[in-house]
Amino acid sequence: MSSEVYDCIVVGAGIQGSCTAYQLAKNKQKTLLLEQFVLPHSRGSSHGQTRVIRKTYEEDVYIQMMHESYELWAQLEREAGVELYRRTRVLVMGPENGEGFLRLKATMQRHKIPTVFLEKQEFSQHIPNVNLADGNGALIDTFAGVLYADRALRAVQRLFQSCGGVIKDGEKVIDIRPGAEVTVTTGSGVYRGRSLVITAGPWANTLLTHTGLQLPLKVVKINVCYWKEKIPGTYSVSQSFPCFIEMEPKEGEYDIYGLPSNEYPGLMKVCYHMGSETEPDERDKQTDRGDIDILVRYVTRCLPGLVPVPAVVESCMYTVTPDHNFVLDSHPTYGNIIIGAGFSGHGFKFGPIIGKLLSQLAMGQVPSYDLSPFRIQRFQSHTRSSL
Ligand SMILES: Cc1cc2nc3c(=O)[nH]c(=O)nc-3n(C[C@H](O)[C@H](O)[C@H](O)COP(=O)(O)OP(=O)(O)OC[C@H]3O[C@@H](n4cnc5c(N)ncnc54)[C@H](O)[C@@H]3O)c2cc1C
Ligand SMILES: O=C(O)[C@@H]1CCCCN1
């Protein structure tokens, strides 16, 4: 075991762990970031070229966090000297008189988010090549857009290293011993830290086993589908086509969302916001395509400019909590172990602010937002503790 003691060890170099490590290093904390795979990799939740960034949330706390997150993304762009965000707008469609759509409308108005509300008769003039379903309303968040995900992850990791942070990749954590100094064992070393942050994405519960805690997290595989434009460019970022979210396309179904064609010319990303349960190490054994059947029907009905058969299918994973809200908290027994988990398929855009909040918890500071919606305690009936 090395005699060196880190102020903080962060396990997991996805977007949340990388942003947390960077915030810690910026705050002069001696920080080690451990990653099981050789970087970069495509086995977790943060890979791929693009993610949606938006303020269209029904809950106040997410909108408040997004105000600061946009600023922190802009700061990262300046620090890294690369473009990470492209403004494209986000179109949200949903049952006009449905609870979710009405709540979203009200929240956007209450927070004075620059929003355009589209009437049915003017819809196709603003958004050609999309069929708005009967009974659906539509709004546009005009500041929303696309984050360049892979590029962002690399930039944050580089910035962390430039502040003196240490990344050890290809080192899987196999044991954690809690204590005033937490001892972390990997396949090739033993490290000690005054605090530990666990941001292990789909593997959160595997790591938490070593601390006697299990959270109610469900890991699902997402089929990331790209669809061919019948006329190349119809839905492209250069034609100012927005990202879109279709809330509750049918009763009991999850949202469907899309991003303008950009990363693969001529192909538009359209995905289903849920998948089938999987073990994170056996992701590719999950071959259920029920979500793709739903998407084929949706593309046929609503996106007539796309060939209704996916041209490319990639894989990614969500780690979903019962209420789809994140877990941002200290361990209930070991106050110097901090957990960031359960990002439920919508955490990327919050990366910089989550990094700030988890670093505040790791440094024993009061977090800058009320984290009660993200506490472990809310799962009381689900949480399994063997302590
Ligand atoms: C298809 C798809 C689309 C999405 N779209 C959006 C979107 O449009 N907008 C948005 O905001 N969010 C979106 N998300 C969600 C967002 O990408 C995730 O919330 C976010 O990437 C989660 O990051 P993470 O750091 O928690 O997890 P991960 O990226 O999975 O990182 C965890 C890391 O921990 C490592 N690790 C695990 N166990 C160990 C161990 N024992 N030792 C060492 N390392 C370990 C893993 O290898 C991994 O690298 C999407 C997600 C998917 C899958
Ligand atoms: O977080 C997001 O913004 C997207 C929206 C739709 C579902 C997937 N995630």
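One is the number of the first residue; the rest follow in order along the sequence. Note that the structure is predicted; figures quoted are calculated from it, not measured.
Contact of the L357 side chain with the F374 side chain is not registered, since no non-hydrogen atoms from C-beta on lie closer than 4.5 Å. No side-chain heavy atom of C225 sits less than 4.5 Å from a side-chain heavy atom of V270. V366 has its side chain out of reach of Q360: every pair of non-hydrogen atoms, C-beta onward, lies at least 4.5 Å apart. Counting heavy atoms from C-beta on, the side chains of T50 and Y148 come closer than 4.5 Å.
If you run side chain to side chain contact (heavy atoms under 4.5 Å, CB included) between Q286 and each of N223, T278, V220, V219, only T278 comes through. Between T199 and the choices L33, L207, V10, the side chain to side chain contact (heavy atoms under 4.5 Å, CB included) rule is met once, by V10.
More than 12 heavy atoms of other shown residues, nucleotides or ligands fall within 6.0 angstrom of atom NZ in K30. No more than 12 heavy atoms of other residues, nucleotides or ligands lie within 6.0 Å of CG in D134, so this atom counts as exposed by the packing criterion. Counting heavy-atom neighbours within 6.0 Å of F123 CZ, excluding the residue itself, gives a total above 12. Around the NZ atom of K230, the shell of radius 6.0 Å holds more than 12 heavy atoms that belong to other residues, nucleotides or ligands.
Rounding to the nearest 0.5 Å gives a distance of 12.0 Å between CD of E77 and CG of L72. Here the OH-CD distance, from Y298 to E246, works out to 3.5 Å after rounding to the nearest 0.5 Å. Here the straight-line distance linking atom NZ of K356 with atom CG of N27 works out to 9.5 Å at 0.5 Å rounding. Interatomic distance, Y226 OH to L306 CG, rounded to the nearest 0.5 Å: 13.5 Å. Taken from OG1 in T56 to NZ in K105, the straight-line distance is 14.5 Å, to the nearest 0.5 Å. Atom-to-atom distance recorded for E229:CD and Q239:CD is 9.0 Å, nearest 0.5 angstrom.
Seen from the ring of Y57, R54 counts as a face-on cation partner, given the 6.0 Å and 45° thresholds.
Both V313 and V299 are members of a single hydrophobic cluster when ILVMFWY side chains are connected at heavy-atom separations under 4.5 Å. By the rule that hydrophobic residues join a cluster once side-chain heavy atoms approach within less than 4.5 Å of another member, L361 and Y22 end up as members of one cluster. Residue V197 is grouped with residue F350 when hydrophobic side chains (ILVMFWY) are merged at heavy-atom distances under 4.5 angstrom, including chains of intermediate members. Residues V166 and L159 are members of separate hydrophobic clusters, defined by side-chain heavy-atom contacts under 4.5 angstrom among Ile, Leu, Val, Met, Phe, Trp and Tyr. Clustering ILVMFWY residues whenever any of their side-chain heavy atoms sit less than 4.5 angstrom apart, transitively, puts V173 in the very cluster that holds I198.
Aromatic rings from Y62 and F326 are positioned such that their centres are separated by under 6.0 Å.
The minimum heavy-atom distance linking F343 with I354 is given by the pair CE2-CD1, 3.3 Å. Contact between R194 and D7 at its shortest, heavy atoms only, is NH1-OD1, 2.8 Å. Counting all heavy atoms, side chain and backbone alike, A13 lies closest to S18 at O-OG, 3.3 Å. Residues K120 and L132 approach most closely at NZ-O, 3.0 Å, considering heavy atoms.
No side-chain N or O of T186 forms a donor-acceptor pair with one of K168 less than 3.5 Å apart. Under the 3.5 Å distance criterion, with hydrogens and angles disregarded, no donor-acceptor pair is assigned to the side chains of T107 and E58.
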May I have the step-by-step check of ring pair (Phe, Tyr, Trp, His ring centres under 6.0 Å) for Y318 and H346, ending in yes or no? CA-CA 9 Å; Y318 285 179; H346 64 113; 8.9 Å; no
